[in-house]
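These notes are about the structure you will find just below.
The chain is numbered in sequence order, starting from 1. Values below: all heavy atoms of this structure, side chains included; hydrogens, waters and symmetry mates excluded. Note that the coordinates shown come from a computational prediction; the quantities given were computed from them, not determined experimentally.
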Amino acid sequence: MRKLCFNPQTESFALARSSPSSPLSLTSSPTPPRLSFSEAEALILKWNPDTSAYAKVTSLFYEDKTEAKHYIDSVNQLQKSMHSLLSQNPSSEKLILAHNLMQMAMKRLKKEFYQILSMNRAHLDPESVSARSSRTSANSSASDYDDDFAAEDDDIRAAGDSISEVEQVSSGAMADLKLIADCMVSSGYAKECVSVYILIRKSIIDEGIYRLGVEKLSSSRANKMDWNVLDLKIKSWLEAIRISVRTLFNGERILCDHVFSYSDSVRESCFAEISRDGASLLFGFPELVAKTKKSSLEKLFRVLDMHAVVSELWPEIESIFSSDYNSGARSQVLVSLQRLTESAQILLAEFESTIQKDSSKSAVNGGGVHPLTIQTMNYLSVLADYINVLSDIFPRDWLPPPKSSSLPESYLYSPESDYSASKPALTARFAWLILVLLCKLDGKAKHCKDVSLSYLFLANNLWYVVARVRSSNLQYVLGDDWILKHEAKAKRFVANYEKVAWGEVVSSLPENPAAAEAREVFESFNRKFEEGYRKQNSFVVADRELRDEIKGSIARSIVPRYREWYNVVLATVGTVRDLTATEYVTFTPEDIENYLVNLFFFGTSSSAVSSSPLRRWS
């Protein structure tokens, strides 16, 4: 490469020989032999927009790339000559002339810089810059800018048809911008260069964030918003932040690093200035949401969504906004994470309080699954999907204090049995929340007028809880031991229900059947079976597996005994016809089986319960 060197004695610029393999400009061209001071002056004056109508309407970098490169070299060498003249002859008229020429050149380059930025807004969009950076490094050497300038050209030519025309234009524009910025910054005109850059590029960031659906929102306005409206804004933000960090800010970071690679301080301060408002708006939104006074189950999930995405993007944010100039952006992210953490903790505590404050005192009609159970398990099932986020948000020692709890100790539930200090904090916390629910259900069961209904109510609800745990990520949070233990509790509830609801029916059929006792036994059984069936058929068992298990268990308790008595009487009278003609044998064993198969079929409907004997239903 050849570089211009000023000789104070001859007052001219000379070209120093370097490696012939390094191109001088974006287009290969013969190196001009020798450029005198007056010729350099003429080149700068030629492109002075104040004195040349041609220069006012023509772009140097678009008109002639070779001359643009010569112009930059002339300005760089002019700067060096000014330092030389200042040390050798501070009163030299040449120094004054050089200073005036430098101001003209800086004005020209500032105009070129603005034109390239403004005319290439589409080509220098952050997405294109980010995509380009995956193929070619945007980092360059400050001490050898013209080698980098030529390398950019080599990249473009070598790529050929493999990159799009837009990317070629983008690469060329970035190279031109870097060349001008290196020249202006090294000449002491960084402020003028940066002001133009900020004017153009800051608006691109601000407009990009606005188009992604993120707008400035005051705290008072957020508090007055309907939750559905605020929820839509949160969803927009969740989509916007990934695009903003990975494309918008990342692309601008790459472009800024490339253009102002000559100076670390200029590069960092410039990026901080163009990104400050956009970063503040984007990274401050979670804090705004966290501070809203809205309390709802849906808000907690949105808070966790925001915490998750910010935590995920934090390494990239920390990298993009790594300098001291960008400390405000990093601080805002950390503040937002802290506010989201606090909000999540408060909302989860409110959720527990909501369960405890449920005002309904009785079980649902028919002993079915209570709405509180459904709502709570729906909520916890979704909450379990956020286990990784919750692990970050809540401390390891996040355990509820059982001794200070006002919850009643159920005859089957002991607070100490559902968690211990040896278990992970989140496992213990989820177990505690379910315990709060189960104790609340136990209190409702005590208001049932029928004891069998209270057991069936508890069985239905606990079975539903276990089923929801098995079918969601709660199974991984609570573990197999928890599931097996509570499944066993549900079965004990079923056993207690069967004992209370059908115990008298079973006991009405003594062991060791005797024909002499047949009339009394059958009459007692008929009465108790009809009464029991009529009552129990108005109850509800929503889960098919549990329903089949209960009916099967009842049938195994009753049908074999009934069949023994039936066969004893049948052997006495001789035929089934004679047996069914008796006054006291109302059902065949098959009738009993059929009735039990249809048990709970009518649910809570009372229309199926008749005062007539069951034999009239057949």
Checklist line | Ser343 (side chain) donor-acceptor with Arg339 (main chain) under 3.5 angstrom | finding: no
Note to self: Going by side chain to side chain donor-acceptor pair (under 3.5 Å), name the residues that satisfy it together with Asp305, two or more places apart in sequence or in a different chain.
What the structure shows: Arg302, Tyr386
Next item on the list: Please examine the side chains of Trp237 and Val289, heavy atoms only from C-beta on, and report whether any two atoms are closer than 4.5 Å.
Entry: no
Notebook entry, point to check: Does some side-chain heavy atom of Phe430 sit less than 4.5 Å from a side-chain heavy atom of Leu390?
Noted result: yes
Checklist line | Thr427 side chain vs Leu478 backbone, donor-acceptor pair below 3.5 Å | finding: no
Margin query: Keeping Ser353 on the side-chain end and Ala349 on the backbone end, is there a donor-acceptor pair under 3.5 Å?
Written below: no
Note to self: My understanding is that only residues two or more places apart in sequence, or in another chain, count here; which of them pass salt bridge (charged side-chain N to carboxylate O under 4.0 Å, His left out) with Glu215?
What the structure shows: Arg221, Lys233
Checklist line | With Val266 via side chain to side chain contact (heavy atoms under 4.5 Å, CB included) - residues at least two apart | finding: Val185, Ala190, Val194, Phe260, Ser263
Checklist line | Under-4.0 Å salt bridge between Arg246 and Glu312 | finding: yes
Item checked: Nearest atoms (heavy-atom pairs only) where Thr66 meets Asp64 -> N-OD1, 3.1 Å
Item checked: Closest non-hydrogen atom pair, Met306 against Pro286 -> SD-CA, 4.0 Å
Next item on the list: Check the surroundings of atom CG in Asn223: do more than 12 heavy atoms from other residues, nucleotides or ligands lie under 6.0 Å from it?
Entry: yes
Next item on the list: With rounding to the nearest 0.5 Å, note down the distance linking CG in Leu337 to NE2 in His307.
Entry: 5.0 Å
Note to self: Run the side chain to side chain contact (heavy atoms under 4.5 Å, CB included) test on Phe285 and Ile234 for me, step by step, so that the C-alpha distance in whole Å, both residues' side-chain angles and the decisive distance to 0.1 Å come before the verdict.
What the structure shows: CA-CA 9 Å; Phe285 182 78; Ile234 295 173; 4.0 Å; yes
Item checked: OH/Tyr62: more than 12 non-hydrogen atoms of other groups inside 6.0 Å -> yes
Notebook entry, point to check: For Lys202, which residues count as a salt bridge (charged side-chain N to carboxylate O under 4.0 Å, His left out) partner, sequence neighbours excluded?
Noted result: Asp206, Asp277
Checklist line | Heavy atoms of other groups near Lys111 NZ, more than 12 under 6.0 Å | finding: yes
Next item on the list: Decide side chain to side chain contact (heavy atoms under 4.5 Å, CB included) for Ser218 and Leu288; before the verdict, give the C-alpha distance in whole Å, the side-chain angles of both, and the deciding distance to 0.1 Å.
Entry: CA-CA 8 Å; Ser218 66; Leu288 182 70; over 6 Å; no
Note to self: Could you check whether any side-chain heavy atom of Asn76 comes within less than 4.5 Å of a side-chain heavy atom of Ser186, counting everything from C-beta outward?
What the structure shows: yes
Notebook entry, point to check: Who passes salt bridge (charged side-chain N to carboxylate O under 4.0 Å, His left out) against Arg201, sequence neighbours left out?
Noted result: Glu252
Checklist line | Nearest non-hydrogen partners of Trp47 and Ser59, listed with the distance | finding: CZ3-C, 4.1 Å
Next item on the list: Would you indicate whether the side-chain heavy atoms of Ile241 and Leu282 approach each other to under 4.5 Å?
Entry: yes
Item checked: Distance, nearest 0.5 Å, that separates CZ of Phe113 from OG of Ser195 -> 9.0 Å
Check: Rounded to the nearest 0.5 Å, what separation is found between the CD1 atom of Ile72 and the CG atom of Asp176?
Finding: 9.0 Å
Item checked: Note, Leu281 side chain near Leu217 side chain (heavy atom, < 4.5 Å) -> no
Next item on the list: Determine whether Glu207 and Arg121 make a side-chain contact, defined as any pair of heavy atoms from C-beta on separated by less than 4.5 Å.
Entry: yes
Notebook entry, point to check: Excluding sequence neighbours, so at least two apart, what forms side chain to side chain contact (heavy atoms under 4.5 Å, CB included) with Tyr210?
Noted result: none
Next item on the list: Taking salt bridge (charged side-chain N to carboxylate O under 4.0 Å, His left out) as the test, write out the residues that go with Lys224, two or more places apart.
Entry: none
Check: Under the ring-ring contact (aromatic ring centres under 6.0 Å, His included) rule, what pairs show up with a residue in residues 310-337, not counting sequence neighbours?
Finding: Phe249-Phe321, Phe271-Phe321, Phe283-Phe321
Margin query: To the closest 0.5 Å, what do you measure between CD1 (Ile180) and SG (Cys183)?
Written below: 8.5 Å
Item checked: Listed partners of Gln79 passing side chain to side chain contact (heavy atoms under 4.5 Å, CB included), at least two apart -> Met82, His83, Met102, Ser187
Notebook entry, point to check: What residues, two or more places apart in sequence or in another chain, satisfy side chain to side chain contact (heavy atoms under 4.5 Å, CB included) together with Leu212?
Noted result: Ala240, Ile243, Ser244
Notebook entry, point to check: Does a side-chain heavy-atom distance below 4.5 Å link Leu45 with Glu41?
Noted result: yes
Checklist line | CZ (Arg211) with more than 12 external heavy atoms under 6.0 Å | finding: no
Check: Hey, does the side chain of Ser319 reach the backbone of Pro315 with a donor-acceptor pair shorter than 3.5 angstrom?
Finding: no
Margin query: Taking the basic N atoms (NZ, or NE/NH1/NH2) and the acidic carboxylate oxygens, is any pair closer than 4.0 Å for Glu112 and Arg108?
Written below: yes
Next item on the list: Show your working on side chain to side chain contact (heavy atoms under 4.5 Å, CB included) between Arg253 and Asp257 and close with a plain yes or no.
Entry: CA-CA 6 Å; Arg253 172 90 264 185; Asp257 285 353; 2.8 Å; yes
Item checked: Donor-acceptor contact present, side-chain Asn120 to main-chain His123, <3.5 Å -> no
Next item on the list: Using side-chain hydrogen bond (donor to acceptor under 3.5 Å, both in side chains) as the criterion, point out the one residue from Glu268, Arg267, Arg330 that pairs with Ser323.
Entry: Glu268
Next item on the list: Look at the side chain of Ser311 and the backbone N and O of Ala308, then say whether any donor-acceptor pair between them is shorter than 3.5 Å.
Entry: no
Check: Looking only at heavy atoms, which two atoms of Ile205 and Gly278 are closest? And how far apart?
Finding: CG2-CA, 4.4 Å
Next item on the list: Specify the closest pair of heavy atoms between Val477 and Ile387, including all atoms of both residues, with the distance to one decimal.
Entry: CG2-CD1, 3.9 Å
Checklist line | Which atom of Leu380 lies closest to which atom of Leu474, heavy atoms considered | finding: O-CD2, 3.7 Å
Item checked: Residue pairs involving residues 283-293 (criterion side-chain hydrogen bond (donor to acceptor under 3.5 Å, both in side chains); sequence neighbours excluded) -> Glu287-Lys291, Glu287-Gln332, Thr292-Lys299
Checklist line | Interatomic distance, Leu177 atom CG to Leu124 atom CG [nearest 0.5 angstrom] | finding: 6.5 Å
Check: Looking at side-chain heavy atoms only, is the closest gap between Glu352 and Arg429 below 4.5 Å?
Finding: yes
Next item on the list: Have a look at Phe301 and tell me which of Leu383, Asp385, Asp231 forms a side-chain contact (heavy atoms from CB on, under 4.5 Å) with it.
Entry: Leu383
Item checked: Heavy atoms of other groups near Tyr379 OH, more than 12 under 6.0 Å -> yes
Next item on the list: Name all residues meeting the side chain to side chain donor-acceptor pair (under 3.5 Å) criterion together with Glu273; count only those two or more places apart in sequence or in a different chain, and write none if there are none.
Entry: Arg276
Note to self: Quick one, Ile393 with Leu340, criterion side chain to side chain contact (heavy atoms under 4.5 Å, CB included). Give me CA distance, side-chain angles, the key distance, then yes/no.
What the structure shows: CA-CA 9 Å; Ile393 287 179; Leu340 290 171; over 6 Å; no
